[in-house]
Amino acid sequence: MKKRIFSLALVAILSSVMMLACASKDEEGAAAPDAEKTEEAVPSVPKANPKPVKVVLNEVAHSIFYAPMYVAIEEGYFAEEGIDLDVVTGFGADKTMTAVLSGEANIGFMGSEASIYTYNEGANDYVVNFAQLTQRAGNFLVAREEMESFKWEDLKGKDVLGGRKGGMPEMVFEYILRQNGIDPSEVNIDQSIDFGATAAAFSGGQGEFTVEFEPGATSLEQEGKGYVVASLGTDSGYVPYTAFSAKKSYIDENPEIIQGFTNALQKGMDYVQSHTPEEIANVIAHQFGETDIQTITTIVTRYYEQDTWKDNLIFEKESFDLLQDILDDAGELSERAPYEELVTTEFAEKAAK
């Protein structure tokens, strides 16, 4: 009797379990279509933008001469490439190079002669140039009086405020003198004044001539303290005056950052090639709050008309060879450095496409 009762109970339990299982299956089957619909109805969540990468750029000087870079900043081209750019002014290629080598700056913007000096001194993690910005010198010769028929021979025996020994401004100046048959020793060149302080010294009565970047040259004219009588950019020809560079290790470890940086610069180059000096001046005016828009436009026009800016950022071998010729003429080159080691065109070529 007990066995019969146990058997009946067991059958009842199994029946209940089976009924529950079927009910669960039916519920799952009925719920499945709704679940699929629900999943399809939920919109995809867009991925968050990657956090911008902080890049510290040390520029040799803050000058309208470098307009394409400031266009790239003001037009947001660096931000478009995911770069949060922090610009620091070094006030001299030697100081800019020191900042790059020490790691204070990721990228340096200066005359490429500094990279040659560093390489020849035996640096292991030397600096490589990856983008050339300017193709002419950006300084002007300023005299105390107007000289409509100025000739470089007029500088013989005169006192001229020059640039730092071994720096591009001074070497290009001496290169022009030699090209005109003048030995630099025939000119009294004062190289003792700090970079950026020559205009004030000239205004204060030092020298008969001074070699000035903008806005120094135009400011002296506006004050009636001097007159631009020659353009070193025009008379020196096409010279790779300034370029962007970084330590070899940084480029090797961060090729995507270097490419993005170069892409942004190329957009700035494209802008200045396709817009008027007035339009360029209006874009970069925020970078030069102490200078009125008319002065900025005058300076941009000067650089624009002398073909200062390349239409791409490719640092060609012919330009590098000319640079070393200038260094050699100035007695500043212990030995010629290999182009293949100190210049890469990979990023500029991609950006130009």
Side-chain angles (χ1 to χ4, degrees), residues 59-66 89-96 110-111 113-114 134 136-236 239 241-242 290-291 295 298-299 302-303 306 308 326-327 329-332:
E59 59 177 5
V60 64
H62 195 71
S63 172
I64 296 168
F65 183 39
Y66 314 132
T89 304
F91 298 104
D94 53 340
K95 297 179 179 63
T96 295
M110 62 193 126
E113 78 285 352
T134 55
R136 288 190 183 274
N139 39 9
F140 301 87
L141 183 69
V142 179
R144 290 210 173 274
E145 299 178 358
E146 290 185 275
M147 301 176 68
E148 293 183 5
S149 57
F150 169 80
K151 301 182 298 300
W152 288 99
E153 289 84 354
D154 296 336
L155 294 183
K156 287 185 177 180
K158 297 297 193 301
D159 297 330
V160 180
L161 305 186
R164 177 180 59 84
K165 178 177 171 55
M168 278 301 288
E170 177 62 24
M171 289 190 297
V172 169
F173 175 49
E174 293 183 10
Y175 175 75
I176 292 173
L177 293 177
R178 292 190 183 92
Q179 291 295 103
N180 285 272
I182 306 166
D183 190 289
S185 63
E186 298 180 87
V187 182
N188 303 321
I189 305 173
D190 185 346
Q191 297 179 274
S192 67
I193 302 172
D194 289 340
F195 183 85
T198 50
F202 187 76
S203 180
Q206 289 184 244
E208 297 168 272
F209 294 84
T210 183
V211 178
E212 292 296 328
F213 272 105
E214 294 289 12
T218 296
S219 296
L220 286 170
E221 284 195 322
Q222 290 176 335
E223 296 168 5
K225 297 291 183 67
Y227 301 87
V228 172
V229 295
S231 163
L232 276 72
T234 299
D235 290 347
S236 64
V239 174
Y241 205 82
T242 49
E290 74 287 353
T291 308
T295 300
T298 298
I299 295 170
R302 269 186 177 154
Y303 287 138
Q306 73 173 28
T308 293
I326 293 173
L327 296 178
D329 284 348
E332 297 292 339

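Note that the coordinates shown come from a computational prediction; the quantities given were computed from them, not determined experimentally. Nothing fancy with the numbering, it's 1 onward along the sequence.
- Side-chain contact of Glu212 with Thr198: a donor-acceptor pair under 3.5 Å is present, judged by distance alone.
- In terms of modelled atom types and a separation under 3.5 Å, the side chain of Arg144 and the main chain of Gly207 share a donor-acceptor contact.
- Contact check for Tyr175 versus Asp235: no side-chain heavy atoms found under the 4.5 Å cut-off.
- Judged purely by atom type and a 3.5 angstrom limit, Ser63 uses its side chain to pair as donor or acceptor with the backbone of Glu214.
- Side chain of Glu221 to backbone of Val228: a donor-acceptor contact under 3.5 angstrom is found.
- Note that CD of Gln191 is 4.0 Å distant from CD of Glu170, once rounded to the nearest 0.5 Å.
- Counted within 6.0 Å of CD on Glu223, heavy atoms from surrounding residues, nucleotides or ligands total more than 12; the atom is thus considered enclosed.
- A donor-acceptor pair under 3.5 Å links the side-chain atoms of Glu208 to the main chain of Asp159, judged by distance alone.
- In summary, of the residues considered (Val172, Ile189, Leu161, Val160), a side-chain contact (heavy atoms from CB on, under 4.5 Å) with Val211 occurs for Val160 alone.
- Within a 6.0 Å sphere centred on CZ of Phe150, heavy atoms belonging to other residues, nucleotides or ligands number more than 12.
- Side-chain contact of Arg302 with Thr218: a donor-acceptor pair under 3.5 Å is present, judged by distance alone.
- Using the six-membered ring where Trp is involved, Phe65 and Tyr241 have ring planes that are perpendicular, over 60° apart on the 30 and 60° scheme.
- Annotation: Lys165, atom NZ; neighbour count of heavy atoms from other residues, nucleotides and ligands within 6.0 Å does not exceed 12.
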